[in-house]
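Comments concern the structure below.
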Amino acid sequence: MEAPVTEPARILHGKPYAEAIRAEVAVDVERLKAERGVTPGLAVVLVGEDPASAIYVRSKGEQTLAAGMHSETHRLPAETTQADLEALVGRLNAATNIHGILVQLPLPTHLDSARVIACIDPDKDVDGLTVTSAGRLATGGEGLVPCTPLGCMILLRDALGDLTGKAALVLGRSNLMGKPMAQLLLAADCTVTIAHSRSRDLPSLCREADILVAAVGRPEMVRADWIKPGAVVIDVGINRIPSKDPAKAAEGKTRVVGDVAFAEAAEIAGAITPVPGGVGLLTVACLLKNTLTAAERITGPIAGRA
Ligand code: NAP
């Protein structure tokens, strides 16, 4: 008997999508400036000296400026008090040149991030993390959606077009990723299952899915035999593990992998995102898109979008 012929998976690289979003945003920023005299503004707040956070924040600032927007980065010392941080958020809420506010997480442990996030004006909540934003998303209201799930939806719509009736499984239920992802898929008329660390028989649950979104933070947990042949697999995980080369690993060198065992999964899936180079690249592009959306909602839409 001949072995079944399987097509190799389409690799959904994030770069062209991120470039297209950034280019589209830049054009609309110029239109907003020309039509309304408004420059969308994004304020990013960084507390402390976490090196990874500092890199993310610098990149956000650079990309905001490159899109023609106003960018402000507020760098506060690690010992900043809750009251001072909340007062800064209050000032940014009131600032007319700021349309988006992002507080870089994680915050130092003495600060209560939930209380800080609760202070952000939901109309400027470009990370989509306030209770109001989550409620608007859950009830079909007009709100701002967390950036990474938004990026995942852009990739999924490109890979599949209409998502109506697809069986979608979201692995992970965090407020930042799993829950908003599930809400977006539900809003796109998928039949959605959310799985987590207490779910039973994850491989069987995953094998039912036409769309599998993995956001667990467990290196290469999703194996090829968890995947329905032809499914679209979106890997959100960013996990740092020791280098493959034992000598480099001994020197502490690492590499980044996703939540999906990419090489074997690509033999079964119809389309799959790589890590690195997949959805991670869309996150900042979607942050710019959200800042533009917030600016348009606050100041009025650009012509043709009313
Ligand atoms: P998180 O807050 O730690 O949530 C992880 C979720 O995965 C939880 O719901 C947890 O279940 C579930 N989980 C953990 N271990 C599991 C297991 N063995 N089996 C089944 N479910 C399990 O993480 P997150 O913020 O959602 O992020 C998830 C991953 O995405 C991380 O690798 C993160 O770095 C990455 N990420 C990437 C981007 C990007 O820009 N690409 C953005 C955000 C996050 P319980 O709720 O039961 O504990």
Side-chain angles (χ1 to χ4, degrees), residues 11-15 17-18 21-22 44 50-53 55-60 63 102-107 109 113-114 117 126-129 133-134 137 144-156 168-185 192-209 212-223 225-227 233-241 254-262 265 272-290:
I11 310 300
L12 301 170
H13 295 285
K15 194 172 172 202
Y17 292 97
I21 294 166
R22 284 198 297 264
V44 177
D50 177 61
S53 293
I55 292 169
Y56 291 141
V57 165
R58 194 176 324 122
S59 164
K60 284 168 186 170
Q63 292 191 44
L102 183 148
V103 177
Q104 184 69 38
L105 300 176
L107 290 172
T109 49
S113 33
I117 288 164
V126 284
D127 237 356
L129 287 180
S133 296
L137 178 59
L144 293 160
V145 176
C147 304
T148 306
L150 195 57
C152 294
M153 285 306 284
I154 290 170
L155 287 173
L156 279 169
L169 183 127
V170 181
L171 204 42
R173 57 174 166 182
S174 69
N175 290 338
L176 179 71
M177 194 47 231
K179 285 178 190 158
M181 188 71 230
Q183 291 292 355
L184 287 169
L185 289 162
V192 183
T193 304
I194 306 177
H196 47 78
S197 67
R198 305 299 174 95
S199 297
R200 289 189 197 151
D201 196 359
L202 286 174
S204 297
L205 286 173
C206 292
R207 268 195 303 273
E208 297 291 311
L212 174 57
V213 181
V216 277
R218 296 278 179 267
E220 300 180 329
M221 187 178 93
V222 177
R223 312 305 305 191
D225 63 356
W226 295 32
I227 295 167
V233 178
I234 305 288
D235 189 354
V236 181
I238 300 176
N239 308 292
R240 205 162 269 287
I241 62 169
T254 58
R255 65 191 173 104
V256 171
V257 297
D259 290 342
V260 179
F262 179 81
I272 185 167
T273 60
V275 177
V279 290
L281 296 178
L282 272 80
T283 300
V284 181
C286 287
L287 174 67
L288 304 180
K289 193 175 164 68
N290 272 349

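Order of listing sets the numbers, starting from 1, for every ligand and every atom in it.
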Not counting sequence neighbours, which residues clear side chain to side chain contact (heavy atoms under 4.5 Å, CB included) with Pro180? List them please.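 Leu137, Pro146, Pro149.
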Contact set, ligand 1, heavy-atom distance under 4.0 Å, ordered by chain/number, equals Thr148, Gly172, Arg173, Ser174, Leu176, Met177, His196, Ser197, Leu202, Ala215, Val216, Gly217, Arg218, Met221, Val236, Gly237, Ile238, Asn239, Gly280, Thr283
Hey, can you pull the donor-acceptor pairs under 3.5 Å for the side chains in residues 272-284, sequence neighbours left out?
unit_1, atom_1, unit_2, atom_2, d
Thr273, OG1, Asp235, N, 2.8
Thr283, OG1, Thr148, OG1, 3.0

Glu208 and Ser204: side-chain hydrogen bond (donor to acceptor under 3.5 Å, both in side chains), yes or no, with the steps? CA-CA 7 Å; Glu208 297 291 311; Ser204 297; over 6 Å; no
Contact between Val170 and Leu212 at the side-chain level, heavy atoms closer than 4.5 Å - yes or no? no
Does the side chain of Arg218 reach to within under 4.5 Å of the side chain of Asn239, using non-hydrogen atoms? no
Please enumerate all residues that pass salt bridge (Lys or Arg N to Asp or Glu O under 4.0 Å) together with Arg223, with sequence neighbours excluded.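 With sequence neighbours excluded, Arg223 shows a salt bridge (Lys or Arg N to Asp or Glu O under 4.0 Å) to Glu264, given in chain and number order.
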